[in-house]
Amino acid sequence: MTKPRTGQAPPKLGRDEFHLRFVGSFKDPAFDVAQEAIAKIEEIAWDNYSHSHKAPFTAKAGPAFADPDYDLSDEWRATHDKLLAAEARQKDPATTSRVLLICGSARNDGSCPGEMSKTFRLTQLAQQVLESAGIEVDLLDLSLLTSDYERHIHPCKACASTAMPLCHWPCSCYPNHAQRQVNDWMADIYEQWTAAHAVIILTPVYWYQTPSVLKLMIDRLVCADGGNPDPTTTSGKNAEKAKAVEMAGWSYPKHLAGRAYGVVVHGDVAGIEGVRRGLCDWLDWMGLIDAGAHSKLDRYIGYYESYAESHETLDHDHAMQEEVKNVAKAVAAAVVELRANRLSVPDKNLQQPRPK
């Protein structure tokens, strides 16, 4: 049996260090009148942390799962049930076509930049095209991570690299109440991806890469590509059991495969082609289908020109605006073909000899 390798994680925080971290949220003098109440809450939080109360609300999994007696998190089950319902709606031919638009910029005028992002403006152009085609649009603006109170996408913990069955669909790493890793936006984002017939990602380039807000979402979608829909098979996060399940044979289910996609990448100096290729390669790997050559766009807006005037530059770049509209038009056309079972996927019946 392959054993998990251990020894990296540090010991739990001591009481004094826990106190310093906990009270860091209450430094504003406005909290001074509530110090006694905060101290009581801290004691409860310390007890939860020291006793690892990750999932305080559980119920027996029931007959739909491999281990009916496993104490399954109520919060995980709620997300799981939402995904089942979203998948049923997505596959129902009577429902209106739906496209998920993702604005991948971290900028908005409600946070430090004081100005909306060009990516958001491009997203609005795509939205107008899709809605004029009778398609429902679900807008996911990832910049809200920088401006909304207590909105988080917590980082991926890479459970898949221990064993793929340890990575649950949807992710069961969060919420972790013991470590105050709560308000995880991904529970809603999984539902948005599942309900969509197509996805369009629009993003700027940050230092030759996607913005961190977008990369956080991408990493947390690993569970959609090979993830385990039944946490009871691994008794939650039992690494040794997960390794045994994988070694016995794992099918690597692609939970989002078959949806169409488009990508828009823009920059001002460098990196647009690499980011566009990386995003398209990732979406191809997950089994999504590109909507043709016009659905994959990378362009510079104001190449080596001033940041201060970049919105004005976009105002005058009518060709760029039309190209973004073409991405949306290509995806809209692909959705029609997809839902009529006419979208060409020549290799769809080939068997992957090395799934992972």
Side-chain angles (χ1 to χ4, degrees), residues 12-13 18-28 30-31 34 37-38 40-59 71-83 85-86 100-113 117 120 138-159 167-196 210-224 227 231 236-237:
K12 282 181 175 290
L13 297 178
F18 181 89
H19 168 74
L20 292 175
R21 297 195 189 183
F22 182 85
V23 298
S25 296
F26 307 102
K27 289 186 179 296
D28 191 311
F31 289 107
I38 291 170
K40 290 180 179 179
I41 294 171
E42 181 184 339
E43 284 300 325
I44 297 169
W46 166 250
D47 185 73
N48 285 350
Y49 170 76
S50 58
H51 292 95
S52 301
H53 290 179
K54 176 186 176 182
F57 308 104
T58 64
D71 293 322
L72 194 61
S73 163
D74 290 352
E75 290 166 296
W76 182 89
R77 190 196 297 265
T79 303
H80 166 77
D81 291 347
K82 287 180 181 178
L83 297 195
L100 175 60
L101 280 182
I102 300 173
C103 178
S105 174
R107 275 163 50 88
N108 73 44
D109 53 306
S111 62
C112 300
S117 67
F120 183 71
D138 199 358
L139 175 59
L140 173 58
D141 183 357
L142 292 173
S143 76
L144 297 183
L145 285 173
T146 70
S147 62
D148 271 16
Y149 182 76
E150 280 290 334
R151 186 185 293 274
H152 304 286
I153 294 179
H154 296 292
C156 176
K157 297 178 181 178
C159 298
C167 181
H168 301 144
W169 170 250
C171 176
S172 65
C173 293
Y174 306 101
N176 185 328
H177 292 272
Q179 294 183 332
R180 205 175 173 183
Q181 296 169 335
V182 296
N183 296 324
D184 183 45
W185 199 7
M186 285 306 299
D188 297 326
I189 292 174
Y190 291 136
E191 184 179 9
Q192 290 176 296
W193 274 79
T194 303
T210 60
S212 57
V213 294
L214 178 56
K215 189 60 166 63
L216 281 168
M217 181 199 71
I218 289 171
D219 288 351
R220 290 288 303 285
L221 279 163
V222 65
C223 59
K237 291 296 183 178

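Only this structure's heavy atoms are used, side chains among them; waters, hydrogens and symmetry mates stay out. As the structure is a computational prediction, the values presented were derived from the model and not from experiment.
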(Q) Using the side-chain contact (heavy atoms from CB on, under 4.5 Å) criterion, which residues pair with Ser50? Sequence neighbours excluded. (A) Trp46
Q: Name all residues meeting the salt bridge (Lys or Arg N to Asp or Glu O under 4.0 Å) criterion together with Asp188; count only those two or more places apart in sequence or in a different chain, and write none if there are none.
A: none
Q: Tell me, please, which residues at least two apart from Asp184 pass salt bridge (Lys or Arg N to Asp or Glu O under 4.0 Å).
A: Arg220
Q: With sequence neighbours excluded, tell me which residues meet side-chain contact (heavy atoms from CB on, under 4.5 Å) with Val222.
A: Cys156, Ala160, Cys167
Q. Does His80 have any ring-ring contact (aromatic ring centres under 6.0 Å, His included) partners at least two apart in sequence or in another chain, and if so, which?
A. Phe65, Trp76
Q: Verify side-chain hydrogen bond (donor to acceptor under 3.5 Å, both in side chains) between Asn108 and Ser143, making sure each step is shown before the conclusion.
A: CA-CA 6 Å; Asn108 73 44; Ser143 76; 2.9 Å; yes
(Q) Show, in sequence, the C-alpha distance, side-chain angles and deciding distance for Asp219 and Ile153, and conclude whether the side-chain contact (heavy atoms from CB on, under 4.5 Å) test is met. (A) CA-CA 10 Å; Asp219 288 351; Ile153 294 179; over 6 Å; no
Q | Distance, nearest 0.5 Å, that separates CH2 of Trp185 from CZ of Arg151 | A | 4.5 Å
Q) Can you list the residues that meet the salt bridge (Lys or Arg N to Asp or Glu O under 4.0 Å) rule with Glu150, with sequence neighbours excluded? A) none
Q. Between CG of Leu20 and CG of Leu13, what distance do you get to the nearest 0.5 Å?
A. 10.0 Å
Q: Take Ser73 and Ser172, measure what side-chain contact (heavy atoms from CB on, under 4.5 Å) needs, and give me the verdict at the end.
A: CA-CA 9 Å; Ser73 163; Ser172 65; over 6 Å; no
Q.
Distance check, rounded to the nearest 0.5 Å: Asn48 atom CG versus Ile41 atom CD1?
A. 12.0 Å
Q: Could you tell me the separation between the OH atom of Tyr49 and the CD atom of Gln179, rounded to the nearest 0.5 Å?
A: 6.5 Å
Q: State which residues pass side-chain contact (heavy atoms from CB on, under 4.5 Å) with Ala224; sequence neighbours excluded, sorted by chain then number.
A: Trp169, Leu221, Leu256
Q.
Here's one to test your reading of the geometry: is the NZ or CZ of Lys12 within 45 degrees of the ring axis of Phe18 and under 6.0 Å from its centre?
A. no
Q. Phe120: what forms a ring-ring contact (aromatic ring centres under 6.0 Å, His included) with it, not counting sequence neighbours?
A. none
Q. When you look at Thr79 and Glu191, which way does the side-chain contact (heavy atoms from CB on, under 4.5 Å) test go after all the steps?
A. CA-CA 8 Å; Thr79 303; Glu191 184 179 9; over 6 Å; no
Q) Which residues satisfy the salt bridge (Lys or Arg N to Asp or Glu O under 4.0 Å) test with Asp109, sequence neighbours excluded? A) none
Q.
Donor-acceptor check, side chain of Ser111 to backbone of Thr146, threshold 3.5 angstrom: yes or no?
A. no
Q: Measure the spacing between CG of Leu145 and CE of Met217 and express it to the nearest 0.5 Å.
A: 10.5 Å
Q | Side-chain heavy atoms of Asp138 within contact of Leu101, under 4.5 Å | A | no
**Q.** Partners meeting side-chain contact (heavy atoms from CB on, under 4.5 Å) with Lys54 (sequence neighbours left out)
**A.** Asn176, Lys237
(Q) Using the ring-ring contact (aromatic ring centres under 6.0 Å, His included) criterion, which residues pair with His177? Sequence neighbours excluded. (A) none
Q: Calculate, to the nearest 0.5 Å, the distance between atoms OG and CD1 belonging to Ser212 and Ile218 respectively.
A: 11.0 Å
Q) Thinking salt bridges, do Arg77 and Asp81 make one under a 4.0 Å N-O criterion? A) no
Q: Determine yes or no for a side-chain-to-main-chain donor-acceptor pair under 3.5 angstrom, with His168 supplying the side chain and Cys223 the backbone.
A: no
Q. Residues in ring-ring contact (aromatic ring centres under 6.0 Å, His included) with Phe31, at least two apart?
A. Phe26
